[in-house]
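In what follows, a single structure is set out as structure tokens and then discussed.
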Amino acid sequence: EFFKTNPSLESYEAKLAHFQSIEKGIGKVSSIHIIGALSLNTKHLKTHLREDCHKWTLKYSKNLHSRAKQELESITEYMRMTMGKLSRKVEDLDSLGFMMQVLKEVREKECSIDMDIDPIMDMYRMLEFHLPSGFMEKEEIDKKTVLRSNWRKLIQQALVRTDELSNTQIGFKKGLVKDIVTFKADVQNFYTDFTENGPLIKGLAPMEAVDRLSRFREETKIRERKFDLYHGGEDLFALPHQEYPGLDRVKKDIKLASLLFDLYVDVIRSINEWKLTPWESVAANMSEMTDAMDSYAGRFKKLPGKLRDYESFTQLKKEIEDFQTILPLLSELSKDSIKSRHWDEVMEICNTTLDVVGNPEFKLQSLLEADLVSASEEIEEVTDGADKQLKIEHTLGEIKSQWKTKEFLFAEWKDRGVHILKATPLVVEELEEAQMNLQTVLTMRHVAPFRNIAQELLGSLSETSDTLESWVK
């Protein structure tokens, strides 16, 4: 509980003094006590109590030693690192600003260094009093011994570097003023180049605009680094801050252009990746493609209105809308109801050749290149017809399966050895229902691929019905 409270040096001192006082009190107690006829010898009890007291003193002292060592290591490392910083060469504004910041930190630290060193020395003095000699390793002793002398060396080095900077900073100031003048001219030329050749030139092809945006974005980063350098130099020499409206305008326009062209790149990249998807895998990826395209459409709707006049905006809108239109068509074409005959119809509508059926190498790209969007209504009719034909196929299969396994039951008539059909009314009713269903199928618009099968099955059921009627009579 004591250690959890982050105790002060005074608290440690009070605890250790308390244990020392107890140990002295134990020593003052007589080892022999006469009580009437009894003589009590407390020598061993006093020895155990002193040992316990000594153990507690060691425990508190070790914890204090750990704290003292940690603080000694920390301030020693700070001096080592700072001395290394003070040894760096000053070659440009960056290194000059860095050096002046280090010197400022040293000056501030000088005011409070005694408050850091004195507690460490007090802790070691207390430990030397309560712990036996040899509790410190040689390295720790050396660090403690040279702590104040190292600080004096650090201060001396700071003074030397301060004198050096006072002689060299005039040249740096002149160089800064000259660089700022050059930079202002460079920014103006850069702004002119951006307005004449930037990504927001109207009529520019989207991919050309993307390339230009990438180039100007990198060049802007270079000038931003120079701006930060010169801005820091102005603070360093207390110079008024210069303004660069051209750079601010370019940064604003690049941010605006990035909204459009970053989205354009994302859309084109996704579509190009999807083009390489095998047709057999399209159905499994349909949800992912739909969600991604919906996300792109949402980002597109949030684009600023001032971008609407650019060719890339119109092209991006077309890419998103076309793919959102084609996704439902792809979903329909990937259903189990689409057979080889339906692909023949799609190829005829699009006036192209598609090697889809039984070809695991067929890619989505071939379908996208077939311009399905322009014939979307005709293709929707084909897929709708395919669904209805699949239903017809299932109906015919159910009827055929029903009557393929159907059995007629015979029973002996009045124990005369004559067998007659049993439960004929139910069979006749089922036959009539099946024939009506087949006649309904034959009237459907999409029955063409199954017309012969339906007619043949209807003829078989009609003959069965006539034969059954004759048997009954």
Side-chain angles (χ1 to χ4, degrees), residues 3-14 16 60-129 131 135-173 175-176 225 228-241:
F3 298 142
K4 290 180 180 179
T5 60
N6 191 24
S8 63
L9 185 59
E10 290 76 12
S11 299
Y12 272 106
E13 188 174 12
L16 293 173
Y60 277 79
S61 297
K62 286 180 179 179
N63 188 274
L64 180 61
H65 182 206
S66 175
R67 175 173 168 180
K69 186 176 181 180
Q70 182 179 356
E71 293 185 11
L72 176 64
E73 292 283 353
S74 176
I75 195 168
T76 300
E77 180 64 14
Y78 166 77
M79 292 182 186
R80 188 188 68 79
M81 293 291 294
T82 306
M83 186 64 79
K85 294 176 182 178
L86 289 173
S87 300
R88 287 180 55 174
K89 292 183 178 180
V90 176
E91 300 174 336
D92 51 31
L93 277 178
D94 270 339
S95 56
L96 175 63
F98 175 81
M99 185 59 66
M100 295 187 72
Q101 180 62 33
V102 172
L103 292 172
K104 179 182 177 183
E105 291 177 1
V106 171
R107 288 194 300 271
E108 293 175 351
K109 189 72 173 177
E110 189 176 11
C111 299
S112 60
I113 191 63
D114 288 338
M115 297 176 64
D116 295 330
I117 295 179
D118 288 347
I120 296 176
M121 294 304 180
D122 290 342
M123 282 189 278
Y124 277 106
R125 279 193 293 271
M126 194 182 306
L127 292 170
E128 289 169 355
F129 180 78
L131 290 178
F135 72 91
M136 285 191 294
E137 297 178 356
K138 183 178 183 305
E139 183 181 359
E140 184 179 357
I141 296 174
D142 292 341
K143 289 180 179 179
K144 169 181 168 293
T145 304
V146 301
L147 187 60
R148 291 191 184 276
S149 62
N150 282 346
W151 175 252
R152 288 192 291 270
K153 290 178 182 179
L154 179 63
I155 293 297
Q156 185 61 36
Q157 179 67 9
L159 292 174
V160 170
R161 296 315 305 268
T162 301
D163 291 339
E164 292 177 1
L165 292 184
S166 64
N167 297 325
T168 59
Q169 63 181 355
I170 297 176
F172 280 110
K173 183 177 180 180
L176 173 63
R225 287 194 291 270
D228 292 337
L229 176 63
Y230 298 151
H231 192 274
E234 290 166 343
D235 287 334
L236 202 60
F237 296 111
L239 297 174
H241 290 303

Cut-off 3.5 Å, no hydrogens considered: what does the side-chain donor-acceptor table look like for residues 146-154, sequence neighbours left out?
from	atom 1	to	atom 2	distance (Å)
Arg148	NH2	Asp118	OD1	2.4
Ser149	OG	Val146	O	2.9
Asn150	ND2	Val146	O	3.4

What side-chain donor-acceptor pairs closer than 3.5 Å can you find for residues 104-114, not counting sequence neighbours?
from	atom 1	to	atom 2	distance (Å)
Lys109	NZ	Asp116	OD2	3.0
Ser112	OG	Lys109	O	3.4

List, one per line, each side-chain donor-acceptor pair under 3.5 Å for residues 85-95, sequence neighbours excluded.
from	atom 1	to	atom 2	distance (Å)
Ser87	OG	Met83	O	2.9
Asp92	OD1	Asp94	N	3.2
Asp92	OD1	Ser95	N	2.8
Asp92	OD1	Ser95	OG	2.9
Ser95	OG	Glu91	N	2.8
Ser95	OG	Asp92	N	2.9
Ser95	OG	Asp92	O	2.9

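Note that CE of Met79 is 4.0 Å distant from CD1 of Ile75, once rounded to the nearest 0.5 Å. If you take CD1 on Ile120 and CZ on Arg67, they are separated by 10.5 Å, rounding to the nearest 0.5 Å. A distance of 9.0 Å separates CE of Met123 from CG of Leu72, quoted to the nearest 0.5 Å. Ile141 CD1 to Lys138 NZ: the interatomic distance, rounded to the nearest 0.5 Å, is 8.0 Å.
A 4.5 Å side-chain heavy-atom check between Glu164 and Met99 finds every atom pair outside the cut-off. Between Tyr124 and Lys69 the shortest side-chain heavy-atom distance falls below 4.5 Å.
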*I would like to know whether Thr76 and Arg80 meet side chain to side chain contact (heavy atoms under 4.5 Å, CB included); could you show each step before the answer?*
CA-CA 6 Å; Thr76 300; Arg80 188 188 68 79; 5.7 Å; no
*Given the rule in the side chain to side chain contact (heavy atoms under 4.5 Å, CB included) test, do Met121 and Ile117 qualify, once you have shown the distances and angles that lead to the verdict?*
CA-CA 6 Å; Met121 294 304 180; Ile117 295 179; 4.1 Å; yes
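Between Lys144 and Glu140 no salt bridge is recorded (no basic side-chain N to carboxylate O distance below 4.0 Å).
The side-chain contact (heavy atoms from CB on, under 4.5 Å) test applied to Thr162 returns Leu103, not counting sequence neighbours. A search for salt bridge (charged side-chain N to carboxylate O under 4.0 Å, His left out) contacts involving Arg125 returns Asp122, not counting sequence neighbours. Annotation: side-chain contact (heavy atoms from CB on, under 4.5 Å) contacts of Leu239 (sequence neighbours excluded): Lys173, Leu176, Val177, Glu234, Phe237.
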